[in-house]
Amino acid sequence: MEHSTIAAVATPPGQGGIAVVRLSGPDSYRVAEQVFRPMDSRKRVADAKGYTALYGQFADGGDLFDDGIALFFRAPHSYTGEDAVELSCHGGDAVARRLVEACLAAGAAPAAPGEYTRRALLNGKLSLTQAEAVMDLISAGGRQGAALANAAKDGALARRIAAQQQVLTSLQAHLTAWVDFPEEDVPALEDSALRAALSEVRAGLDELIDHYNAAAVLREGIDCAIVGRPNAGKSTLLNLLAGFDRAIVTPIAGTTRDVVEQAVQLGDIRLNLFDTAGLRRTDDPVEAEGVRRSWAKLAEAGLVLAVFDGSQPLTREDFALAQRCAECRAIALVNKEDLPLQFDVEAIAPCFAMVLPVCCKEEGARKLIAAAVARLLGTAQIDPHAAALSGQRQLSAALRARDGVAGALEAIDGGFGLDAVSVCVDDALDALYALTGENATDAVIDEVFEKFCVGK
């Protein structure tokens with residue numbers, strides 16, 4: 001591990017009340033002493049105790065250019081486990097940039113993306129799953145997503161996996177002793193007890209894997225296509241969900257000719273909405289291209305909101321759309337509930353998980369759609385404080401662990417002997433240690449920290 005002292009701005013760029021420049025490493029106090037002058041001349045940076053603060057001025061050479069606060073942390077009682085100092089100056093790019101430049105001139109090195117959290121990992125302050133949760137917490141857009149990330153950061157997933165590791169390690173120790181030391185008269189494990197322990201671990205892994213997609217939606221959001229015939233109310237729906245007039249709405253069919261994008265927070269879920277051109281046959285080459293893009297967006301979206309005009313009879317285009325939606329996670333919104341119903345709802349119902357009568361001009365429809373989306377995506381059933389997998393790396397490791405446990409159960413049922421069971425249990429344990437990062441390679445750690453921002 002590199003033992004240099006690093007510096008970076010830990011707050012987002014742009015104007016704000018304060019900006020924070022973070023120092024971490026063995027020379028943090030020495031660097032801070034060169035760029036920070038306590039207002040109380042009796043105070044010295046070198047003597048500052050951990051978890052204390054000083055008010056003073058920031059210096060670039062002999063030039064005092066701002067005033068602010070210095071927070072001090074002594075190793076190992078800091079985020080990184082190293083000596084650390086956080087310098088809070090007035091917000092704004094110019095002041096923060098000058099403070100960082102002063103720190104670099106005093107001997108600090110610029111921090112790489114995620115380097116503070118990486119040092120926390122390597123110094124034993126965080127596990128790999130906790131480190132991954134830090135970035136999830138930073139990027140969370142909703143309360144439940146943030147709660148899931150915070151639970152992981154506090155070790156909920158690490159504790160869940162540790163309990164499963166303990167069960168498998170105990171089994172493996174007994175199996176190894178029985179296979180390798182037959183002369184010691186080690187008692188063989190009863191099939192019933194072995195099967196019960198393995199089944200318990202598999203059930204726990206199944207639960208984590210089954211909840212992965214819903215948890216990912218809460219953390220990352222989902223692409224959602226709004227589709228339907230012209231004038232069904234697609235753009236009105238987009239404006240309702242966005243909370244402002246994002247798309248042009250007119251009585252003229254074909255007003256929307258290209259995909260209009262807008263990110264919205266719908267309850268606890270971030271939807272990346274795509275309002276598409278009305279689906280119909282047309283000789284207009286521009287509108288035809290918009291229709292082609294609409295079908296393409298429907299095929300690739302993680303969620304589809306299909307809008308139908310409830311005041312008009314079902315058309316062939318409506319039915320064709322419903323059939324295409326049968327292969328997607330889709331909700332049918334039968335719009336214009338305020339008008340007499342002319343639409344054949346039962347004809348399209350088998351193609352959708354849910355069919356909702358709504359009026360996209362009324363605010364109450366937003367809450368109704370939010371609840372339906374949460375039910376369909378499974379987010380309504382997620383405990384935000386429970387352990388949850390995050391990212392393809394963790395999911396892949398959990399799947400390998402479950403395959404190993406399933407292989408051990410199949411070996412028991414197939415009468416292949418305890419040595420075969422032992423091999424499968426060993427594979428499962430290896431996957432669980434990979435999940436928690438206890439046998440993670442440098443390449444895996446590099447991959448995890450690629451998505452981190454500078455300053456964290």
Side-chain angles (χ1 to χ4, degrees), residues 1-2 6 8 10 22 24-25 51 73 75-84 86 111-166 168-169 204-205 207-209 211-212 214-216 218-220 382-401 429-456:
M1 175 180 171
E2 179 63 46
I6 52 175
R22 177 181 284 163
S24 182
Y51 302 131
F73 306 87
H77 305 296
S78 72
Y79 178 72
T80 60
E82 306 171 324
D83 282 347
E86 292 186 355
E115 190 167 357
Y116 295 97
T117 303
R118 185 174 191 139
R119 290 186 178 204
L121 168 70
L122 297 177
N123 287 326
K125 303 292 288 187
L126 298 171
S127 68
L128 189 57
T129 55
Q130 289 174 304
E132 289 171 304
V134 169
M135 199 61 215
D136 288 337
L137 187 57
I138 291 171
S139 60
R143 288 188 179 183
Q144 276 194 296
L148 278 172
N150 192 52
K153 185 177 70 68
D154 289 342
L157 179 61
R159 290 190 295 273
R160 178 81 168 267
I161 298 302
Q164 294 170 337
Q165 288 172 333
Q166 185 175 3
L168 294 182
T169 299
L205 290 169
E207 183 181 13
L208 286 173
I209 293 165
H211 287 168
Y212 172 79
L218 287 174
R219 282 190 301 268
E220 303 164 14
I382 290 287
D383 178 358
H385 305 292
L389 298 171
S390 172
Q392 286 296 322
R393 188 197 71 82
Q394 292 184 11
L395 176 63
S396 177
L399 287 169
R400 294 201 315 272
L429 272 171
D430 186 64
L432 290 181
Y433 284 123
L435 196 160
T436 57
E438 292 166 83
N439 63 355
T441 65
D442 288 342
V444 169
I445 293 175
D446 288 343
E447 181 181 346
V448 167
F449 284 94
E450 280 178 0
K451 64 180 180 179
F452 269 70
C453 53
V454 174
K456 193 60 182 177

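None of the values given here were measured: they were computed from a predicted structure.
- Contact between Gly81 and Ala75 at its shortest, heavy atoms only, is O-CB, 3.4 Å.
- Distance check: Leu168 CG to Leu429 CG gives 4.5 Å after rounding to the nearest 0.5 Å.
- Looking at residues two or more places apart in sequence or on another chain, you find no salt bridge (charged side-chain N to carboxylate O under 4.0 Å, His left out) involving Asp430.
- Heavy atoms only, all atoms of each residue included: Ala434 and Arg400 are closest at CB-NH2, 3.7 Å.
- Atom CD1 of Ile6 and atom CD of Glu115 lie 4.0 Å apart (nearest 0.5 Å).
- Within the 3.5 Å criterion, the main-chain N or O of Arg22 finds a donor-acceptor partner in the side chain of Tyr116.
- Distance alone, capped at 3.5 Å, is enough to place a donor-acceptor pair between the Gln130 side chain and the Ser127 backbone.
- Within a 6.0 Å radius of CD in Glu438, other residues, nucleotides and ligands contribute more than 12 heavy atoms.
- Shortest non-hydrogen contact noted between Ala156 and Ala387 is O-CB, 3.6 Å.
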Carefully, step by step, assess Tyr433 and Gln165 under the rule side chain to side chain contact (heavy atoms under 4.5 Å, CB included). CA-CA 8 Å; Tyr433 284 123; Gln165 288 172 333; 3.2 Å; yes
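- Scanning both residues, Ala149 and Ala133, for their nearest heavy atoms gives O-CB, 3.4 Å.
- Looking at Arg118, its side chain never comes within 3.5 Å of a backbone N or O of Pro113 through a donor-acceptor pair.
- With contacts defined as side-chain heavy-atom distances shorter than 4.5 Å, the pair Thr117/Leu126 qualifies.
- Here the closest non-hydrogen pair linking Ala398 and Ile209 is O-CD1, 3.8 Å.
- A pairwise comparison of heavy atoms in Ala386 and Ala151 identifies O-CB, 4.1 Å as the closest pair.
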Check the pair Leu399, Tyr212 against side chain to side chain contact (heavy atoms under 4.5 Å, CB included), reporting the backbone distance first and the verdict last. CA-CA 11 Å; Leu399 287 169; Tyr212 172 79; over 6 Å; no
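- Taking the six-membered ring for Trp and thresholds of 30 and 60 degrees, His77 and Tyr51 have ring planes inclined between 30 and 60 degrees apart.
- Residue Arg160 holds its CZ atom at 13.0 Å from OG1 of Thr129, rounded to the nearest 0.5 Å.
- Between the side chain of Asn123 and the backbone N or O of Arg119 there is at least one donor-acceptor pair closer than 3.5 Å.
- Proximity of a side-chain donor or acceptor of Arg219 to a complementary backbone N or O of Ala146 within less than 3.5 Å is not detected.
- In this structure, the separation between CG on Leu208 and CG on Leu389 is 4.5 Å, given to the nearest 0.5 Å.
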Going through the distances and angles, do Leu128 and Thr436 end up as a side chain to side chain contact (heavy atoms under 4.5 Å, CB included)? CA-CA 6 Å; Leu128 189 57; Thr436 57; over 6 Å; no
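- The CZ atom of Phe449 sits 11.0 Å away from the CE atom of Met135 when rounded to the nearest 0.5 Å.
- At a threshold of 4.0 Å, the pair Asp154-Arg159 does not count as salt-bridged, since none of the basic side-chain nitrogens sits closer than that to a carboxylate oxygen.
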